[in-house]
There are 2 protein chains.
Amino acid sequence: MLLTDRQVLILQVIVDDFIRTAQPVGSRSLSKKEEISFSSATIRNEMADLEELGFIEKTHTSSGRIPSEKGYRYYVDHLLLPQQLDSSDILTVKSIFAERIYELEKIVQKSAKILSEMTSYTSIVLGPAVKDNKLRKLQIVPLNQDTAIAIIVTDTGHVENRMFHFPASVDPGDVEKMVNILNERLAGVPLVDLHANIYKEVAALLRQHIKNYDLLLGTISETLTMPASEKVFFGGKTNMLNQPEFNDIDKIRNLMTMIEHEDGISRLIRKNPKGISVRIGRENNNIAMENCSLITASYSMGEEKLGTIAILGPTRMEYSRVISLLQFISTDLSKVLTELYQNK
Amino acid sequence: MLLTDRQVLILQVIVDDFIRTAQPVGSRSLSKKEEISFSSATIRNEMADLEELGFIEKTHTSSGRIPSEKGYRYYVDHLLLPQQLDSSDILTVKSIFAERIYELEKIVQKSAKILSEMTSYTSIVLGPAVKDNKLRKLQIVPLNQDTAIAIIVTDTGHVENRMFHFPASVDPGDVEKMVNILNERLAGVPLVDLHANIYKEVAALLRQHIKNYDLLLGTISETLTMPASEKVFFGGKTNMLNQPEFNDIDKIRNLMTMIEHEDGISRLIRKNPKGISVRIGRENNNIAMENCSLITASYSMGEEKLGTIAILGPTRMEYSRVISLLQFISTDLSKVLTELYQNK
DNA sequence: TTTAGCACTCGTTATTGCAGAGTGCTAACA
DNA sequence: TGTTAGCACTCTGCAATAACGAGTGCTAAA
């Protein structure tokens, strides 16, 4: 099952060629390449073997060969030379951070946009998981007698807000007192733990100072329980429409519907390891992704993994370039974010 | 140029039929309808006249007829009987407001979703123009020595926030003083006027109380100048993929790209009058919208127009149903919003 | 082991023929 | 004069056919 050098060479050229042209590669056209010095007949024999081993396939009996998923997998695992980004690409990426933007979300969003423009694939960026951010400040702004807005500011400068109603019998002074206590006690607590902490540590204290505290506390703590999951940002959602393999309305429909349905795609991306990961075709376990590959890279702040940045393209994707690009952007992104927020 | 009753009848049946089936309508199939009592030959004569007048067209020499844009226009202007929504539709719409949601944005977003599900067209909702909201509260939360977040809460409960940097030399106490003054003086001012008002009314006052006020004020007032335009919410972005007239990849690409590019679509929708408006095909002045119609309805709070709710579908759209639906939702929406925020 | 040669397969494209749907026109009818 | 029946004509859609090109698999010779 080990491939000979020549088989590897042929596989490499087939994949490269197919990625470039999207056309099945025939033995004759292969034999004309300069890196190949043997005849088309020899190539045909080798291709027959490669096909038997499952690395390439035919689209019909007498067609040229295209890489199978296994072929792409081999290509990605063994044949990808760490390609240098060209300098114009590097400049473009740098431009993401050129402007003085401070909001984490905006940086992330801009990355997604630029990434999709550079690759002409679809980019997907999973924003930082807000739930791990730590509470910096809780504020409550009353709107009228029985409505108010709770605002939460986190240490990364993320702002969440939620409107809520409370019983008219509640004393505004008490609300203020309560907010002060909550701030004092809960600053620095990760949002995900807020709810638990309120009851564990603060409730007793509140009971002493505030009458009717349970009425109000119930409302507020419920408000603070954030369902807020990671935000998903897209770039170039429609780029896949330009890929020749998606000339088929049905495929388009499947893919677009799946992209539109954010839960699906973010679930697909979330469960991915630190660093770069490549998932090819059915490795994604998703029917709509049959002809797609997903390359993800994580970015972090200091040591802590923050989010994920991904490229969705056809299986016939420029793996080499996309991987270099993602690697480059994600380390750059991590660097900037670490500088910006770590030394608070 | 006035149409006879019989011509009107035929036009009506053609449009109705074509909306239902998406197939050209022939004279023979028309003559079989019960509302029509004359022969196919007569119909052919009438159709020839209708075609000459520009209300219907052929797809090829010997095909049945389809409505032209002028035909749809006549249909919408003269032949649309104000149809009663059926009760299940009414129930579905009511469900938008059944849950206790208070955030304006959420209500609007949910409307878009439900609307697209009911019609299987694409719905677009232009959120309230935040710039006309009035300032309720300005707050500044420091993040570290030189970074802080400015948070603006409006009278409708909308929250805007922006991160900014300031010179390290600024005294935190001064910031607080300043925020107090700004709140005192600017509460109730529409966001769009904030910037001007700061310099007109507050600057002098600040000068007296705060040293270095100009340094800080410059930063803050710049931060308060909101580019924040109306938000656009979509429902069923991919629904158009299911319409038979969009079997063509190129058409899909045009339309999707245009939908994805939010500026375009919101510009298309914004310049629309109070009440219901129907724009058919090229009336939209947009190449990507050639085969589409856009129906918009405004919603308001009290007397003041807040935003727009729209349906984008093929020109062969169920005008009657969509119009009733939009009318119903927009008045309901207006009612709820007025109740919720007017009596503050 | 490599290669040249040849028969064979399949997709693509163009052509043809044919059925079905629909039209326009004419002549007859009420 | 308006309506209708009839007929020739047109166009689409589909299926069958043929020709071509690209590519393969196999065999036999180098």
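On a predicted model such as this, the values are computed, not experimentally measured, just so you know. Every heavy atom of this structure was used, including side-chain atoms; hydrogens, water molecules and symmetry mates were not. Throughout, a chain's letter reflects where its sequence line sits, starting with A, and its residues are numbered from 1.
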Q: Using side-chain contact (heavy atoms from CB on, under 4.5 Å) as the criterion, list what pairs up with A/Gln7, not counting sequence neighbours.
A: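 Result, side-chain contact (heavy atoms from CB on, under 4.5 Å) vs A/Gln7: A/Leu3, A/Thr4, A/Glu46, A/Asp49, A/Leu50.
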Q.
From CD1 of B/Ile43 over to P of D/dG2, roughly how many Å is that when rounded to an integer?
A.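 After rounding, the reported distance stands at 18 Å.
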**Q.** Gap between atoms CG and P, on B/Asp17 and C/dG22 respectively (whole Å)
**A.**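 One finds 11 Å between P of C/dG22 and CG of B/Asp17, rounded.
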For nucleotides 15-21 of chain D, list the nitrogen or oxygen atoms of the protein found under 3.5 Å from its nitrogen or oxygen atoms, one pair per line.
none

Q | C/dA21 phosphate, OP1 or OP2, under 4.0 Å from B/Arg65 side-chain N/O | A |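 Indeed not, no polar side-chain atom of B/Arg65 lies that close.
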(Q) Counting only side-chain heavy atoms from C-beta out, which of D/dT24, D/dT4, C/dG24 sits nearest to B/Lys58? (A)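 Taking heavy atoms from C-beta onward, the closest nucleotide is C/dG24.
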Q | Candidates D/dG25, D/dT3, C/dT2 - which lies nearest the side chain of A/Ala48 | A |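 Among the listed nucleotides, the one closest to the side chain of A/Ala48 is D/dG25.
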(Q) Once you apply a heavy-atom cut-off of 4.0 Å, does A/Ser63 come out as touching a base, just sugar-phosphate, or nothing? (A)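 If one applies the 4.0 Å heavy-atom cut-off, A/Ser63 turns out to touch the sugar-phosphate alone, with no base involved.
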Q: Keeping to residues at least two apart or across chains, list the salt bridge (charged side-chain N to carboxylate O under 4.0 Å, His left out) pairs with something in residues 12-24 of chain A.
A: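 The answer is A/Asp17-A/Arg20, A/Asp17-A/Lys33.
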**Q.** Among B/Leu11, B/Asp5, B/Val13, side chain to side chain contact (heavy atoms under 4.5 Å, CB included) partner for B/Leu9
**A.**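 Running side chain to side chain contact (heavy atoms under 4.5 Å, CB included) over B/Leu11, B/Asp5, B/Val13 with B/Leu9 returns exactly one hit, B/Val13.
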Mind checking ring pair (Phe, Tyr, Trp, His ring centres under 6.0 Å) for [X] and listing every partner two or more places apart, or none if nothing turns up?
X	answer
A/Phe233	none
B/His261	none
B/Tyr72	B/Tyr319
A/Tyr75	none

Q | Pair B/Arg282 + B/Glu69, salt bridge at N-O below 4.0 Å | A |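 Between B/Glu69 and B/Arg282 there is a salt bridge, with a charged N closer than 4.0 Å to a carboxylate O.
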[X]: salt bridge (charged side-chain N to carboxylate O under 4.0 Å, His left out) partners, not counting sequence neighbours:
X	answer
B/Glu117	B/Lys113
B/Glu318	none
A/Asp77	A/Arg73

(Q) Short of 4.0 Å, heavy atom to strand atom, which residues of residues 18-39 of chain A count as contacting DNA chain C? (A) A/Phe38, A/Ser39
Q: Heavy atoms under 4.0 Å is the rule here; annotate nucleotides 25-30 of chain C 5' to 3' with B where the base is hit, S where only the sugar-phosphate is, and - elsewhere.
A: ------
